[in-house]
**Student:** 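Structure below; questions to follow.
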Amino acid sequence: MFRIIKNLFPFNRAEISENKTLTVQKSSEKWITNPGQEGFEVRYRIKKLLYHGAFRFQTIDVIEHENFGRMLFLNNDAQIAESDGQLYNDALVDPLVGKKDMRNIAILGGGDGGVLATALALKPKSVTMVEIDEEVMRVAKEFFPNFHKNAFSHKNARIVVDDVYNFLDKLQIYDAIIYDLTMHPEEFMNINREVFLDSLFAKIRRNLRKEGMLTLQCSSEFDADTLRVTHTVLQKYFTKVNFTKVFIPSFCAHWIFASAEAK
């Protein structure tokens with residue numbers, strides 16, 4: 001029996017005490033834990049830590065994972081994985097495929113460059129990416145070349161280092177805006193989330209031409225409160241609101257994406 005248990009639990013050491021209970025020593029393996037909004041967390045075993053840095057806005061980690069390849073984490077929150085990052089990018093960009101007059105596109109966030117590369121494949125006149133954290137872009141350029149595909153230096157790409165809230169005050173009209181930011185800004189700022197997001201999406205609407213397209217990532221399917229807030233704010237400022245569910249293996253969950261047209 002002890003041999004069977006030992007084979008089932010490949011940790012450093014396992015012992016059976018006199019009362020037949022199993023005692024297992026903690027593994028020496030290293031993990032990174034993705035904080036959850038839905039009542040559970042996801043842990044990733046680190047095959048190799050490729051990069052760690054703590055900066056003004058957030059911590060940045062790049063790990064090698066045995067199943068998902070290289071992964072990027074911001075404040076321990078999984079952002080992209082080599083194995084399935086394109087699923088995420090396509091979910092944000094696909095609603096724009098086949099739409100007329102997609103000449104000028106803006107991406108809010110998206111510092112890893114994957115959405116930028118995917119949007120550029122539509123061959124628009126210009127894609128403006130607004131990212132507040134230069135360190136994220138620097139790390140992405142170094143560790144994820146197959147992901148961003150040199151999009152940062154593309155002749156039709158414009159990179160703006162700024163806070164999107166300030167950037168949108170400049171009122172530049174776009175044919176499409178892609179929202180690749182968190183839906184939990186309260187984790188970084190002392191604000192009322194619903195009030196802030198209402199104000200932010202009002203600004204996004206003002207920066208879109210009539211019938212211009214908005215696409216966004218919302219949350220895990222389990223984050224019911226975020227989905228409620230998202231539905232409310234989109235119905236207020238947009239029309240033809242559509243939600244799509246996509247399973248992202250490295251997130252270990254179905255992720256919800258949305259698209260809408262400016263009223």
Side-chain angles (χ1 to χ4, degrees), residues 10-12 25-38 40-93 107-121 127 129-154 157 159-162 164 178 180-184 187-188 217 219-220 246-255:
F11 297 100
N12 290 346
Q25 249 189 6
K26 189 174 182 180
S27 170
S28 61
E29 294 172 333
K30 296 189 183 218
W31 300 72
I32 187 167
T33 301
N34 195 129
Q37 298 288 342
E38 308 83 24
F40 61 89
E41 297 177 331
V42 179
R43 298 176 69 223
Y44 300 86
R45 186 164 55 204
I46 301 173
K47 182 178 179 181
K48 185 178 182 181
L49 179 63
L50 301 175
Y51 180 87
H52 171 78
F55 302 99
R56 174 187 171 194
F57 295 108
Q58 55 208 341
T59 60
I60 303 175
D61 291 275
V62 179
I63 72 166
E64 184 75 32
H65 188 272
E66 58 196 281
N67 296 315
F68 305 132
R70 288 186 177 183
M71 297 185 69
L72 173 68
F73 291 80
L74 303 180
N75 289 340
N76 285 4
D77 191 10
Q79 304 295 305
I80 58 167
E82 284 182 320
S83 63
D84 56 28
Q86 197 57 46
L87 290 173
Y88 181 96
N89 300 337
D90 289 342
L92 282 171
V93 177
I107 301 169
L108 308 182
D112 54 72
V115 175
L116 177 62
T118 306
L120 285 167
V127 180
M129 189 183 84
V130 187
E131 170 61 53
I132 196 171
D133 195 343
E134 289 183 280
E135 295 297 337
V136 173
M137 292 187 283
R138 179 184 62 79
V139 170
K141 288 175 185 177
E142 179 177 354
F143 290 98
F144 296 92
N146 295 330
F147 195 71
H148 60 73
K149 302 170 186 173
N150 295 317
F152 295 102
S153 58
H154 193 283
I159 310 301
V160 178
V161 180
D162 197 359
V164 298
I178 301 172
D180 191 17
L181 297 167
T182 180
M183 292 298 287
H184 284 278
E187 294 181 351
F188 304 92
Q217 72 82 27
S219 67
S220 158
V246 179
F247 184 68
I248 310 291
S250 62
F251 289 179
C252 302
H254 284 93
W255 214 253

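One is the number of the first residue; the rest follow in order along the sequence. Everything quoted here is computed from the prediction, not taken from an experiment.
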**Student:** Are side-chain heavy atoms of Q86 and T118 found at a separation under 4.5 Å?
**Tutor:**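 Contact flag for Q86/T118 side chains = yes.
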**Student:** Quick one: are F147 and N89 in side-chain contact, heavy atoms under 4.5 Å?
**Tutor:**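 Result yes, sub-4.5 Å side-chain heavy-atom pair found.
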**Student:** Among all residues two or more places apart in sequence or in another chain, which pass the ring pair (Phe, Tyr, Trp, His ring centres under 6.0 Å) test with H52?
**Tutor:**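 Partners of H52 under the ring pair (Phe, Tyr, Trp, His ring centres under 6.0 Å) test: none.
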**Student:** For L116 versus A157, what's the shortest heavy-atom pair and its separation?
**Tutor:** CD1-CB, 4.3 Å
**Student:** Are F251 and S220 packed together at the side-chain level, in the sense that at least one heavy-atom pair is separated by less than 4.5 angstrom?
**Tutor:** no
**Student:** If every non-hydrogen atom of F152 is compared with every non-hydrogen atom of M129, which pair is closest and at what distance?
**Tutor:** CE2-CE, 3.7 Å
**Student:** Look up atom CZ in R45 and atom CH2 in W31, then write down how far apart they are to the nearest 0.5 Å.
**Tutor:**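 CH2 of W31 is found 5.0 Å from CZ of R45.
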**Student:** Could you tell me whether the side chain of M137 reaches within less than 4.5 Å of the side chain of E134, counting heavy atoms only?
**Tutor:** yes
**Student:** How many angstroms lie between atom CD of Q58 and atom CG of L74, to the nearest 0.5 angstrom?
**Tutor:** 4.5 Å
**Student:** Identify the heavy atoms of F188 and T182 that sit nearest to each other, and give their distance.
**Tutor:** CE1-CG2, 4.0 Å
**Student:** Please give me the minimum heavy-atom distance between A117 and H148, naming the atom from each residue.
**Tutor:** CB-O, 3.4 Å
**Student:** With sequence neighbours excluded, what pairs up with F73 under the ring pair (Phe, Tyr, Trp, His ring centres under 6.0 Å) test?
**Tutor:** Y44
**Student:** Could you give all pairs that pass the salt bridge (charged side-chain N to carboxylate O under 4.0 Å, His left out) test and reach residues 72-88, with sequence neighbours left out?
**Tutor:** none
**Student:** With the side chain counted from C-beta on, respond yes when I60 and E135 share a heavy-atom pair under 4.5 Å apart, and no when they do not.
**Tutor:** yes
**Student:** Are the side chains of F143 and L50 in touch, meaning some heavy atoms are under 4.5 Å apart?
**Tutor:**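 Of all side-chain heavy-atom pairs linking L50 with F143, at least one is under 4.5 Å.
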**Student:** With side chains defined as the heavy atoms from C-beta onward, is the minimum distance between E64 and R70 less than 4.5 Å?
**Tutor:** yes
**Student:** With the side chain counted from C-beta on, respond yes when Q217 and L92 share a heavy-atom pair under 4.5 Å apart, and no when they do not.
**Tutor:**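 Side-chain contact under 4.5 Å: yes.
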